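Here is the structure we will look at, set down as structure tokens.
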Amino acid sequence: MLFLCHWKLDCNINANCEFVCSLGAAVNLTLVTPEKAIKLAANDLFRHHLSKEGKGLTVFKEMLAGCGAGMCQVIVTTPMEMLKIQLQDAGRIAAQQKKPVMMSPTKLAVTNTVLSRSYNSGLVMSTPKAVSATQIAKELLQKQGIQGLYKGLGATLMRDVPFSIVYFPLFANLNRLGKPSPTESSPFYWAFLSGCVAGSTAAVAVNPCDVVKTRLQSLNKGASEESYNGIMDCVSKIMRKEGPSAFLKGAGCRALVIAPLFGIAQVMYFVGVGEYILDNYSPSFLSV
């Protein structure tokens with residue numbers, strides 16, 4: 001269920017929300033694990049390099065480590081978000097096409113006549129076809145090459161780098177408060193709560209960047225939806241036509257989703273996975 005609400009960052013609520021909401025969940029379920037693994041492992045790697053003789057890091061160095069982790073994760077995050085948004089767009093547009101429209105008696109009679117002629121002539125009204133992430137990925141690769149999957153890379157970096165800069169130092173300091181002593185680890189429930197608080201805080205802080213990223217990665221526009229030419233064009237059009245409040249759309253839902261997601265990820269990772277990997281399977285360049 002965590003992944004089913006992730007799409008609501010820039011959604012118009014309608015009767016077909018449940019159908020559209022489920023689209024893109026498979027993409028998230030498949031790619032969210034390597035995404036979070038890269039993010040957490042990269043942060044540990046950069047913290048390891050920035051620390052000297054086992055001493056604690058300053059907040060600035062913790063932010064640098066988070067910045068590096070955010071830049072590494074977009075390798076997976078950008079195509080994952082791209083495919084997820086395309087699936088949700090396809091479902092949303094299909095749902096809009098299926099939505100019943102109120103017609104006057106005159107228009108209804110004309111429509112019935114057209115439908116009758118189509119039926120008698122053997123014509124079949126086209127219906128939206130179901131699409132999959134594999135189909136979308138193939139089409140993007142055929143038409144635009146690998147850059148098609150990385151559309152919105154700049155906007156994704158603009159969101160994920162600040163997120164990591166806020167999240168990792170905040171989590172480290174909150175988690176440190178729960179340690180019984182400097183040499184002991186914090187209880188698992190404290191790591192979970194620290195991940196929840198840090199994740200929800202960072203999610204709300206970068207929500208404007210997420211709104212811009214979602215708009216830019218949405219290729220299939222509805223009839224009344226705006227098109228954008230880059231980040232600055234997107235920001236200016238949103239400000240002009242929707243106002244500053246548009247940048248906070250979905251902030252509450254995003255915080256509710258990100259909080260348990262990062263809480264669970266940190267519990268699983270900080271029970272010893274990260275330290276075990278660095279201690280036992282450290283690449284040769286770590287010891288240089």
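Note that the coordinates shown come from a computational prediction; the quantities given were computed from them, not determined experimentally.
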Does Leu177 belong to the same Ile/Leu/Val/Met/Phe/Trp/Tyr cluster as Phe188, with side-chain heavy atoms less than 4.5 Å apart forming each link? yes
With a 4.5 Å cut-off on side-chain heavy atoms, are Leu261 and Ile264 touching? no
What is the minimum heavy-atom distance between Phe168 and Ala69, and which atoms define it? CE1-CB, 4.0 Å
Of all the heavy-atom pairs spanning Gly178 and Pro187, show the shortest one and how long it is. O-CD, 3.3 Å
Please write out which residues are connected to Leu50 in a hydrophobic cluster, directly or through intermediates, given that two of Ile, Leu, Val, Met, Phe, Trp, Tyr count as joined at side-chain heavy-atom separations below 4.5 angstrom. Leu57, Phe60, Leu64
Hey, is Arg176 close enough to Glu62 for a salt bridge, meaning N to O under 4.0 Å? yes
Evaluate side chain to side chain contact (heavy atoms under 4.5 Å, CB included) for Met82 paired with Leu216, printing each intermediate quantity in order. CA-CA 10 Å; Met82 185 68 179; Leu216 289 175; over 6 Å; no
With distance as the sole test, does Trp190 use its side chain to make a donor-acceptor pair with the main-chain N or O of Leu174 at under 3.5 Å? yes
Same cluster for Met158 and Val235 if Ile/Leu/Val/Met/Phe/Trp/Tyr side chains link at under 4.5 Å? yes
From SG (Cys196) to CG (Leu256), nearest 0.5 Å: 10.5 Å
Heavy-atom side-chain proximity of Ser200 to Ile258 below 4.5 angstrom: no
Just by distance, do the side chain of Lys237 and the backbone of Ser227 share a donor-acceptor pair under 3.5 Å? yes
Looking only at heavy atoms, what is the nearest atom pair of Ser164 and Gly66, with distance? CB-O, 2.9 Å
Any donor-acceptor pair under 3.5 Å linking the side-chain atoms of Asn175 with those of Gln266? no
Do Asn43 side-chain atoms and Lys39 backbone N/O form a donor-acceptor pair below 3.5 Å? no
Are Val166 and Val197 linked, directly or through other ILVMFWY residues, by side chains that come within less than 4.5 angstrom of each other? no
If I compare all heavy atoms of Ala246 with all of Ile238, which pair ends up nearest, and what's the gap? CB-CG2, 3.6 Å
Tell me whether Thr201 contacts the main-chain N or O of Ala198 through its side chain, where contact means a donor paired with an acceptor under 3.5 Å. no
In this structure, OG of Ser51 is separated from CZ of Arg47 (nearest 0.5 Å) by 8.5 Å
Does Glu242 form a side chain to side chain contact (heavy atoms under 4.5 Å, CB included) with Lys249? I'd like the steps, not just the answer. CA-CA 11 Å; Glu242 302 176 51; Lys249 284 184 177 180; 3.2 Å; yes
Taking the side chain as every heavy atom from C-beta outward, state whether Val212 and Ile231 have any pair of such atoms under 4.5 Å apart. yes
Just grab all the ring pair (Phe, Tyr, Trp, His ring centres under 6.0 Å) pairs involving residues 140-163, residues at least two apart or on different chains. Phe163-Tyr167, Phe163-Phe262
With side chain to side chain contact (heavy atoms under 4.5 Å, CB included) as the test, would you mind laying out the steps for Val211 and Leu248 before giving the verdict? CA-CA 8 Å; Val211 171; Leu248 294 178; over 6 Å; no
Closest approach of Arg215 to Cys234 (non-hydrogen atoms, all atoms of both residues): CB-SG, 3.8 Å
In the single-linkage hydrophobic clustering (I, L, V, M, F, W, Y; side-chain heavy atoms under 4.5 Å), do Ile75 and Phe46 co-cluster? no
Determine whether more than 12 heavy atoms belonging to other residues, nucleotides or ligands lie under 6.0 Å from atom CE of Met71. no
Could you tell me if Thr77 and Glu81 have a donor-acceptor pair between their side chains, going purely by distance under 3.5 Å? no
Separation between OG of Ser236 and OH of Tyr228, rounded to the nearest 0.5 Å: 9.5 Å
Can Val204 be reached from Leu170 by stepping across I, L, V, M, F, W or Y side chains whose heavy atoms are under 4.5 Å apart? no
Rounding to 0.5 Å, atoms NZ (Lys84) and CE (Met80) come to a distance of 6.0 Å
So Thr58 and Lys61, do their side chains get closer than 4.5 Å, heavy atoms only? yes
Kindly indicate, with the supporting measurements, whether the criterion side chain to side chain contact (heavy atoms under 4.5 Å, CB included) is fulfilled by Lys179 and Glu184. CA-CA 6 Å; Lys179 292 183 177 181; Glu184 295 181 86; 5.6 Å; no
Would you please say whether a donor-acceptor pair under 3.5 Å links the side chains of Gln147 and Lys151? no
Between atom CD1 of Ile165 and atom CE of Met63, what is the distance when rounded to the nearest 0.5 Å? 5.5 Å
CG on Leu153 to NZ on Lys213, rounded to 0.5 Å: 11.5 Å
Distance-minimising heavy-atom pair for Val161 and Cys67: CG1-SG, 3.7 Å
